[in-house]
Amino acid sequence: MKFQKPKGTKDILPKDIHKWHFVEKTIREATKLFNFSEIRTPTFEYTELFKRGVGSETDIVGKEMYTFVDKGGESITLKPEGTAPVMRAYLENSLSAESPLHKLYYITSMFRYEKPQAGRYREHSQFGGEIIGSDSIDTDVELILLAKEVYNRCGINNFKLKINSIGKPSERKTYVNALTDYLKKHFNRLSEESKKRLGTNPLRILDSKSPDDLIITKEAPKIIEHLTKDSRNRFDLVLYELTRLGVNYEIDFRLVRGLDYYTDTTFEFISSDLGAQDALGGGGRYDGLIELLGGKPTPGVGFGSGIERLIIVAEKNGFTFGEPSSPKVYFIALNSSAKEIAFKIMMELRKKNISCETDLLVRSMKAQMREANKIGSDYVFIIGDDELKNQKGILKKMSDGSQQNVEFDKLREYLN
RNA sequence: GUGAGCGUAGUUCAGUUGGUUAGAACACCAGAUUGUGGCUCUGGGGGUCGGGGGUUCGAAUCCCCUCGCUCACCCCA
């Protein structure tokens, strides 16, 4: 094979495309029901945006970005996540001047240089939502509800919602100190990776999967205990509201998430139908991000969700995404003048939004019948010598094999 | 970046201790008294056995290198 797709990428073939269409349609319907507006941002941004917005100590920025210098000498990065670009667009276009509140969603490719694995690609698709301008707990909840709505509409009901609060930066600071003190006492038993992380980003040690780390972090001080009354209260209100609306959740004090910009609420949807990469989607609040990117202090909350993973989980649950589409009528034209008539009728039908197809390989009638059957046409319309003479074609209904003679210009009336 | 497993037709796989023109099923194409699908039957096309090197009279089969895929770690969607 001469050319192969780059590692970690994929082709979505015609036989599978209906799944994507279904998911995309579902996302657009759900976001509409929640009154979110779509925003599209560039595929690449200046590298600095992610360094600042996501955080230099994060894995995403530290080792996973597709970064290159363009011909103008600018450092460019293919977007590895959705929130920072949306915030950049929000600021650059002064959206706050139009309205104090924005509810935005996107569907787009993301790029991360990682080793591909089950449900993990170097180019993958995410849909995400952001609510900018309000710090109300209702916005946290609404985003969770939006994600849940999309999952449910794709036949996914068995996911688990994990939720936590990591508080305000000041609280987190005192907590990180307490955590660091605790971890230092167990330094020798920490995994190598965590030892390194203790100096750079101790919070991340909490979601290490290393068995040794797990034993240690299990007894570690919990961030909840370091929240102020206000933050604690806020978290409780989010939980209360979720409970009131019948949304099941599980508090996970280790859920700190991989991006630096989060504050207060963090959450993650996980599914046991995925492999080791069990996160279907995740997000949280980022009240400091816009200010960090040079805007006025503005609260916000958002989430991102992997579309490939969504499709994997939906399929494991037997969801079918509807049927691949097939043309309504397949025209079997048995000679060149029949073909001329067929194309004329097809042109009219297509204008009326009726899909048609005809043989383009000059094949035998039998072969054309087979083809019509294979692609799932509802009808076949046969035009041969006799039909040309009578100006009537044979309309055959594939489901029961019944057929009748139909005048060329009346065909439309016989289709349903 | 680390580790493990796997690479034979479009797909899923067989291929005996290395031994003649590498097989099956499904898919695809074409026929079955010549203008009618789905079932059945018959036939056909299609493989540099991932690639390169080596051992051997002889390699899909053994050895080395390489590429790719998959899964796990790390981390995430």
Side-chain angles (χ1 to χ4, degrees), chain A residues 1-10 13 15 54 58-64 79-83 107-128 147 151 159 191-194 196-197 201 204-205 207-211 213 255-259 268-271 274-283 302-313 330 332-335 338 361 363-388 393-403:
Chain A
M1 199 71 61
K2 184 113 192 185
F3 292 105
Q4 289 175 280
K5 60 187 176 304
K7 191 194 282 283
T9 61
K10 66 187 174 301
L13 301 174
K15 70 179 173 60
V54 180
T58 62
D59 283 3
I60 288 180
V61 173
K63 52 184 201 190
E64 295 174 0
K79 59 181 161 188
E81 64 95 44
T83 300
I107 301 175
T108 186
S109 283
M110 302 294 181
F111 305 85
R112 292 183 198 170
Y113 190 86
E114 299 180 276
K115 205 141 187 184
Q117 217 174 294
R120 177 202 276 167
Y121 303 88
R122 288 183 173 180
E123 178 182 8
H124 71 279
S125 303
Q126 284 187 26
F127 77 94
Y151 298 154
F159 58 84
S191 66
E192 287 310 306
E193 194 58 34
S194 293
K196 261 183 268 168
R197 211 164 259 144
N201 200 342
R204 303 310 319 286
I205 297 174
D207 56 21
S208 164
K209 278 190 218 164
S210 147
D213 291 345
L255 182 67
V256 294
R257 314 256 324 136
L259 293 76
E268 210 166 87
F269 294 95
I270 62 167
S271 168
L274 291 163
Q277 315 307 319
D278 63 357
L280 199 49
F303 79 96
S305 189
I307 296 181
E308 288 82 0
R309 291 185 186 179
L310 188 157
I311 290 175
I312 290 169
V313 175
Y330 189 95
I332 295 181
L334 298 173
N335 57 50
L361 292 171
R363 300 209 276 187
S364 71
M365 176 164 185
K366 193 192 231 356
Q368 294 189 48
M369 281 300 300
R370 270 205 271 261
E371 180 68 13
N373 182 60
K374 191 167 110 186
I375 65 179
S377 307
D378 295 332
Y379 297 95
V380 133
F381 194 64
I382 303 164
I383 308 172
D385 290 335
D386 297 346
E387 291 71 25
L388 283 172
I394 299 170
L395 180 65
K396 175 164 184 164
K397 194 171 182 182
M398 295 300 274
S399 57
D400 60 9
S402 64
Q403 51 186 56

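Within every chain, numbering begins at 1; the chains are lettered A, B, ... in the order of the sequence lines, protein sequences first and strands thereafter.
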A/D385 atom CG is separated from B/G35 atom P, nearest whole Å, by 10 Å
Under the side chain to side chain contact (heavy atoms under 4.5 Å, CB included) rule, collect the residues that match up with A/A338, sequence neighbours excluded. A/A333, A/N335, A/I383, A/L388
Between A/I205 (CD1) and B/C74 (P), how many Å, whole number? 13 Å
What residues, two or more places apart in sequence or in another chain, satisfy ring-ring contact (aromatic ring centres under 6.0 Å, His included) together with A/F303? A/F127
In whole angstrom, give the distance that lies between atom OH of A/Y121 and atom C1' of B/C76. 14 Å
Who pairs with A/E387 by side chain to side chain donor-acceptor pair (under 3.5 Å), at least two apart in sequence or on another chain? none
Which pairs count as salt bridge (Lys or Arg N to Asp or Glu O under 4.0 Å) when at least one residue sits in residues 116-127 of chain A, sequence neighbours excluded? A/E114-A/R120
If you look at every strand shown and take non-hydrogen atoms under 4.0 Å, does A/L310 touch a base, only sugar-phosphate, or nothing? nothing
Could you work out, with side chain to side chain contact (heavy atoms under 4.5 Å, CB included) as the rule, every residue matching A/S402, not counting sequence neighbours? A/K397, A/D400
Can you sort out the partners of A/S191 under side chain to side chain donor-acceptor pair (under 3.5 Å), two or more places apart, ordered by chain and number? A/S194, A/D213
Wobble G-U and Watson-Crick pairs count when both distances are under 3.5 Å; given that, what is the 5' to 3' dot-bracket string of RNA chain B, with | for pairing to other strands? (((((((..((((.....[...)))).(((((.......))))).....(((((..]....))))))))))))....
Which nucleotide, B/C76, B/G68, B/U36, lies nearest any side-chain atom of A/Q4? B/G68
Listed by chain and number, what are the side chain to side chain contact (heavy atoms under 4.5 Å, CB included) partners of A/A118, not counting sequence neighbours? none
All N/O pairs under 3.5 Å across the protein-nucleotides 25-29 of chain B interface:
residue : atom : partner : partner atom : Å
B/C29   : OP1  : A/R363  : NH1          : 3.4

Within this structure, what is the CD-to-P distance between A/Q117 and B/G1, rounded to whole angstrom? 15 Å
Honestly, is A/K396 close enough over A/F381, meaning NZ or CZ under 6.0 Å from the six-membered ring centre and within 45° of the axis? no
With a 4.0 Å cutoff (strictly under), does any side-chain N or O of A/R112 reach OP1 or OP2 of B/A77? yes
Using a cutoff of under 3.5 Å, can you pull out all pairs of nitrogen or oxygen atoms linking the protein to nucleotides 2-11 of chain B, with atom names and distances?
residue : atom : partner : partner atom : Å
B/U2    : O4   : A/K115  : NZ           : 3.1

Who are the side chain to side chain contact (heavy atoms under 4.5 Å, CB included) partners of A/E371, not counting sequence neighbours? A/Y330, A/R363, A/K374, A/I375
Nearest-nucleotide 5' precedence on RNA chain B, A/G275 against A/K5: A/K5
Which part of the nucleic acid, if any, lies within contact of A/A372, taking any heavy atom under 4.0 Å across all strands shown: a base, the sugar-phosphate backbone alone, or nothing? nothing
Which residues pass the side chain to side chain donor-acceptor pair (under 3.5 Å) test with A/E64, not counting sequence neighbours? none
Look at the side chain of A/R370 and decide which nucleotide, out of B/G31, B/G35, B/A77, has an atom nearest to it. B/G31
Which comes earlier along RNA chain B counting from the 5' end, the contact point of A/P6 or that of A/S194, where each point is its nearest nucleotide? A/P6
Rounded to whole angstroms, how far apart are CZ on A/R122 and C1' on B/C76? 14 Å
Could you tell me whether A/D213 contacts a base, only the sugar-phosphate backbone, or nothing, with contacts defined as non-hydrogen atoms closer than 4.0 Å? nothing
